[in-house]
Every structure is written in structure tokens, then in C-alpha cells.
Asker: 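Starting off with a structure, shown below.
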Amino acid sequence: STSLVLADESDHFYKPGDVVHLWVNKIGPYSNPQEAYEYYTLPYCHPKNEAHEEHRPEIDADAFNIKNVLTAGKRGEWSIGEVLGGHKLRGSGYSIFFPKEGKSETVTEKECTKELSAKEAALFEKAVLERYFYQLYLDDLPVWGMVGELVDPKSGEIMSEYSENHQAHIYTHRTLVINYDGDSGRIITVDLISAKDSLVPIKPNTKVSFELDVQWQPNTSDLTYDTRFVRYLDSAFFAHTIHWFSLLNSGMMVLFLLGILSFILLRTLRRDILKAGMAADGIDDIEGEGASLLASEEEQSGWKILSTEVFRVPSFLPLLSALLGSGTQVLTTMIGVVVFCVLGPLHGNVYESRDELLSTMIYLFTLCTIAAGYVSGRTFKIWGGKHKYWQMTMVLTLVMLPMFFTAVFGILNTLSLWHGTIYTIPIWTILKLAALYGCISLPLGVFGTMLGRASVSSKGHHFPTRTNTLARPLPENLPFFATWKLSLVSGLFPFGSIFIELYYVLTSIWNYKFYHVYHFMFAVGLILLTVTSLTAVLGTYLLLQYENHYW
């Protein structure tokens with residue numbers, strides 16, 4: 001009926017008899033989550049057409065042809081976030097129906113019986129030897145399973161390490177356990193169990209029957225639909241003491257830098273502040289420390305003699321303005337993404353979706369082009385850049401980051417295409433990204449540049465002091481921390497404030513964990529901004545103190 005055709009996981013509500021789709025996603029070695037391939041790159045049984053859907057291109061079940069397989073059972077149009085995240089869901093071909101309220105039942109779905117050719121047997125054997133696992137989705141809930149196991153032919157025991165005496169076996173019978181709430185018509189949990197007694201040796205020219213049991217059980221746990229994703233979160237790992245210690249470590253670093261800057265401001269600059277105060281009050285009769293301060297006025301050194309140098313127009317101003325604009329675009333994008341993730345309870349947690357996080361990053365990055373244009377345009381004009389170069393600044397701002405990303409993704413996509421992984425970006429996704437850039441980013445960047453230039457008056461001087469015509473020569477034999485080499489070590493403080501949080505993020509990527517403590521990331525992000533700002537102020541002071549005005 002029509003109701004059966006329209007039933008899917010879009011609203012997560014089901015009625016008895018509605019179709020519940022089981023989607024296959026990807027497959028790859030367990031030891032390397034970044035090496036993944038489409039599920040049907042292994043010669044599993046694949047649907048000739050999508051169950052209870054419109055007709056799809058038919059595939060000859062007797063002949064394994066990957067090009068034909070990848071056109072069957074596609075799950076509609078994949079979003080940009082899904083493609084970039086390596087999620088390309090396709091139909092499994094199983095006919096799964098939502099049961100009647102309160103009913104427990106087990107339905108066996110016979111996938112197919114096929115005779116493994118030498119090529120197919122070699123593919124399965126390679127997958128088992130390299131510990132391949134696969135990922136499926138049902139009602140937007142992920143489940144995982146191993147392709148097979150290494151079995152000792154003498155004892156029949158499953159072995160964890162490879163040996164020449166061990167034989168590769170493949171799982172042929174799997175059980176999908178689905179807990180559901182019959183009152184609300186929602187699916188609560190999904191588990192996949194591979195039966196040990198269904199392991200069969202992989203041999204060419206042998207018939208293998210694949211089966212799937214679908215076991216429906218009324219939900220008796222404390223989980224509800226709203227909390228069903230909690231079981232995927234490793235809260236004990238992310239709430240470890242070392243995670244809290246990282247915040248304390250970062251906070252102590254902020255206090256350390258604040259202490260150094262406070263010492264500079266209260267001790268090193270105290271003399272100049274006192275002199276300025278006395279001059280402003282018109283004090284003529286000065287004794288003690290005040291007299292000694294004025295007596296040494298002509299013996300100034302360090303940053304105090306660079307008042308006519310510090311606001312000199314920087315070299316390569318268009319490039320500097322473009323870099324500042326691009327950095328602002330990245331910064332505002334990251335702030336927006338983290339805030340969006342922190343507000344997950346209001347609009348839906350991002351870790352529950354395959355594509356929401358990446359899609360949000362792309363769209364925010366596109367919109368934040370206006371901030372890049374504004375900052376670069378304002379910076380260029382406020383520093384008095386030549387009028388004929390402002391268009392160059394705008395072009396650099398608009399193309400520098402996209403060209404960098406294009407080069408990186410081009411190399412990665414070429415490697416992915418060469419090895420046939422699931423992370424290959426198809427041409428239609430590339431065209432969509434190009435359309436976002438051409439139709440949204442470019443106009444916003446141009447508009448932001450105009451706003452930035454309009455925010456700066458064309459008349460008058462924008463800095464508190466004048467600049468000499470000739471640049472002051474730099475002192476000889478400057479220490480390394482008073483030269484450009486300072487930038488090579490100045491990143492140690494910001495990195496030290498985030499390296500523990502970075503560990504958790506990378507562990508989530510490489511160890512199959514769902515990162516969900518975005519409030520930690522938000523706090524560490526604020527600390528990172530503070531540490532970076534304090535480090536920049538301290539580095540600038542060191543340069544100026546040694547009379548290096550190229551800060």
C-alpha cells in the first residue's frame with residue numbers, strides 16, 4: 001500500500017506493518033577507521049531492487065560486478081555532510097516490518113545462497129585476515145559486526161592473532177535484536193549478534209547461505225527514545241579525572257601568563273605611567289623618585305623610543321590583510337560550530353546525526369566569508385594601503401583558503417579514488433561545493449570587504465603617533481626571542497593548553513567513540529583564545545623591548 005511505501009525513519013514513528021529500512025553503510029579494517037569501503041565491495045548478497053521502493057537497476061546475483069552493485073539500492077540523495085563523512089547508505093534488501101504492539105517475534109530473512117568464485121573467496125579471506133568489520137543503520141541507529149573470524153581447525157576456537165595454521169571463516173547467520181516501544185511506535189535499541197555456529201570456512205566453489213534473524217522485543221529497559229543514544233557514549237572515558245585535570249592545567253597556564261604580563265605592566269611600565277601622570281598634573285617641584293624619573297627621560301631605550309616606528313605600514317600588506325581575514329573566518333566558524341554543538345539539547349545532539357556536524361561547518365564557513373572580507377578590507381585601509389591594491393587584497397581573501405582546501409582535498413580525493421575507498425567525493429558533491437562558493441561565499445566576501453572599507457574614514461590619521469619617513473635600523477645581534485624565530489616557539493603555550501582535549505578528540509576519531517562533551521571543548525576553546533592573546537601580547541612586548549619594530 002501507499003503507507004508502506006512512505007514509511008521510513010524520517011519521523012521515527014511507525015505503525016504495525018510499516019516498513020523499517022535496514023541500510024548498509026561501509027566496511028573496512030577495525031585497526032584503521034580511516035580506511036573504509038562501501039559495503040558491497042565485498043561480495044555479500046545485494047538487492048536487485050530496493051525493498052518496497054521504486055524499481056532499481058537489476059544486478060545479476062551470479063556475477064560480481066562492483067560498478068553495477070554501486071548503482072543499486074541507493075538511499076536517496078546523500079547530503080554533503082554524509083559524503084564528506086564517508087557515509088553512503090544503500091538498501092540491504094531485507095523486508096522488515098514493524099510488529100504489533102507488545103508482540104515479540106522473530107522473523108528469518110533468507111538473504112541468498114551463492115557459490116563463491118575464486119575472486120569472491122579471496123576478497124572474503126582478505127577481509128577476515130585484516131579484521132574487517134561493517135556498519136549498518138536501522139532507524140538512524142548504527143550497529144556493527146565482524147565479517148568473520150580466524151578459527152583453529154583442530155580446536156574450533158576463535159583466534160585473535162594470525163597463524164598459518166588458522167583458517168578464515170565467515171559469518172553466515174546474523175541476528176538483529178530490536179527493542180521497541182509499541183505505545184509510541186518508536187524503536188529504542190538495535191543490536192547485531194553474529195552466531196558462532198554459523199562460521200563456515202572460506203573456500204572457492206563452495207555454496208554459502210546468508211541469513212538474518214530479525215527479533216522484535218518490547219522495550220523493558222530504562223531507555224526511552226530521547227535517551228536511546230546514551231548507550232553509544234563512553235561517559236566513563238570522557239569524564240576521567242585527567243579530563244578535568246586538563247582544564248586545571250590550562251587554567252594554571254592562563255594564570256602564569258597573566259602573572260608575567262602583570263609584572264610587566266606594574267613594574268616595567270610603572271615608571272612611564274608615573275611620568276605621564278606627573279606631566280598631566282603639571283607638577284614642577286619634584287623630589288625623590290619623581291626627580292630621578294625625569295632626569296632619566298633622555299636615557300630612554302627599548303620600546304619607548306619606537307613610538308614613531310610601530311605603526312609603519314607592514315610589508316606585503318595585502319597578504320597580511322588576507323591572512324587576518326581568513327583567520328577570522330576560521331575562528332568565527334569554529335566558535336559558531338562549538339556553540340551550535342553545546343546547544344545540542346535544544347535542537348538535537350549532533351553526535352546522533354551522521355551529517356549534521358560537517359554540514360554545519362560547511363554552511364557556517366560559507367556564511368562567515370563576510371567576516372573575512374570585513375576584517376581584510378578594514379585592515380588594509382586602516383593601515384593606509386595603496387588604493388590600487390585593495391582589489392588584490394579582496395581576491396586573496398576570497399581564494400586563499402579555498403585554494404588551500406582544494407589542493408588538500410584534491411590530493412586526498414585522488415588517493416581515495418585510486419584505492420577505491422568510501423571517502424571518494426563524487427563529482428556532484430564537488431559541484432555543490434563549488435556552487436556554495438560561487439553563489440554565496442563570493443558575494444558575501446565582496447560585501448564584507450565593502451563594509452570593512454566603509455567603516456574606516458578616508459580622512460585623518462588612524463594611529464596615535466606619526467611615523468618617520470625612514471625606518472629605524474634594527475640593533476645588531478638581537479637574541480632569538482627578539483626576531484621572527486620567536487613565532488616558532490610561541491605556539492607552545494597555546495598547544496599546551498589544548499593538547500589533552502586534542503587527545504580526546506583524536507581518540508574519538510581513531511577509537512570509534514562519539515565525542516559528546518562539547519562543554520569541555522567550549523571551555524578549552526575560551527582558554528585557548530585567552531592564552532593565544534596573552535602570548536601575542538608578551539611576544540610583541542619582547543620584540544619591541546629589544547627595539548625590533550617589525551612586530
Side-chain angles (χ1 to χ4, degrees), residues 306-340 360-406 432-469 471 487 525-526 528-530 532-537 539-540 543-544 549-551:
L306 298 180
S307 61
T308 58
E309 301 291 340
V310 291
F311 296 114
R312 185 175 301 281
V313 178
S315 304
F316 308 105
L317 181 59
L319 179 60
L320 175 63
S321 301
L323 287 172
L324 289 174
S326 299
T328 303
Q329 183 179 6
V330 174
L331 177 62
T332 52
T333 300
M334 291 299 100
I335 293 175
V337 169
V338 174
V339 171
F340 181 80
T360 302
M361 292 178 64
I362 293 170
Y363 297 141
L364 279 179
F365 184 82
T366 301
L367 295 177
C368 288
T369 311
I370 189 172
Y374 179 86
V375 171
S376 66
R378 178 178 173 83
T379 301
F380 183 82
K381 188 172 182 180
I382 204 171
W383 280 97
K386 295 182 179 180
H387 182 76
K388 63 180 181 179
Y389 290 132
W390 76 267
Q391 295 94 337
M392 178 192 299
T393 304
M394 181 178 65
V395 172
L396 282 175
T397 306
L398 293 176
V399 304
M400 190 161 48
L401 267 183
M403 286 181 62
F404 172 76
F405 289 142
T406 300
K432 289 179 183 178
L433 292 173
L436 281 175
Y437 172 74
C439 300
I440 300 179
S441 287
L442 286 180
L444 286 179
V446 174
F447 181 66
T449 302
M450 298 302 179
L451 284 180
R453 291 181 57 80
S455 66
V456 180
S457 173
S458 300
K459 299 180 180 180
H461 193 68
H462 304 295
F463 300 109
T465 61
R466 297 287 179 179
T467 303
N468 288 336
T469 304
S487 60
L526 292 179
L528 174 63
L529 289 177
T530 305
T532 303
S533 301
L534 295 176
T535 304
V537 173
T540 303
L543 290 176
L544 298 181
H549 52 85
Y550 293 106
W551 57 280

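Along the sequence shown, residues are numbered consecutively beginning with 1. What you see below is based on every heavy atom in this structure, not just the backbone, and it leaves out hydrogens, waters and symmetry mates.
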Asker: Atom CG of Leu331 and atom CD1 of Ile335: how far apart are they, to the nearest 0.5 Å?
Answerer: 4.0 Å
Asker: Can you list everything that forms a side chain to side chain contact (heavy atoms under 4.5 Å, CB included) with Ser455? Sequence neighbours excluded, please.
Answerer: Tyr374, Arg378
Asker: Between Ile362 and Leu436, what is the shortest heavy-atom contact and its length?
Answerer: CG2-CD1, 4.0 Å
Asker: For Thr532, which residues count as a side chain to side chain contact (heavy atoms under 4.5 Å, CB included) partner, sequence neighbours excluded?
Answerer: Pro494, Leu528
Asker: Please give me the minimum heavy-atom distance between Val313 and Trp383, naming the atom from each residue.
Answerer: CG2-O, 3.2 Å
Asker: Who are the ring-ring contact (aromatic ring centres under 6.0 Å, His included) partners of Phe405, not counting sequence neighbours?
Answerer: Phe365
Asker: Could you pull out the closest heavy-atom pair between Ser441 and Thr366, with the gap in Å?
Answerer: OG-CG2, 3.3 Å
Asker: If I compare all heavy atoms of Gly438 with all of Pro443, which pair ends up nearest, and what's the gap?
Answerer: O-CD, 3.6 Å
Asker: About how many Å separate CD1 of Ile370 and CD1 of Ile440, when rounded to the nearest 0.5 Å?
Answerer: 12.5 Å
Asker: Under 3.5 Å, sequence neighbours excluded: what are the donor-acceptor pairs made by side chains of residues 390-401?
Answerer:
unit_1 : atom_1 : unit_2 : atom_2 : d
Thr393 : OG1    : Tyr389 : O      : 3.1
Thr397 : OG1    : Ser376 : OG     : 3.2
Thr397 : OG1    : Thr393 : O      : 2.8

Asker: Please name all residues satisfying ring-ring contact (aromatic ring centres under 6.0 Å, His included) with Phe340, sequence neighbours left out, ordered by chain then number.
Answerer: His347
Asker: About how many Å separate NZ of Lys381 and NE2 of His387, when rounded to the nearest 0.5 Å?
Answerer: 9.0 Å
Asker: Is there any side chain to side chain donor-acceptor pair (under 3.5 Å) pair reaching into residues 310-337, and which pairs are they, with sequence neighbours excluded?
Answerer: Glu309-Arg312, Gln329-Thr369
Asker: State, with a plain yes or no, whether a side-chain heavy atom of Leu367 is found less than 4.5 Å away from one of Leu444.
Answerer: yes
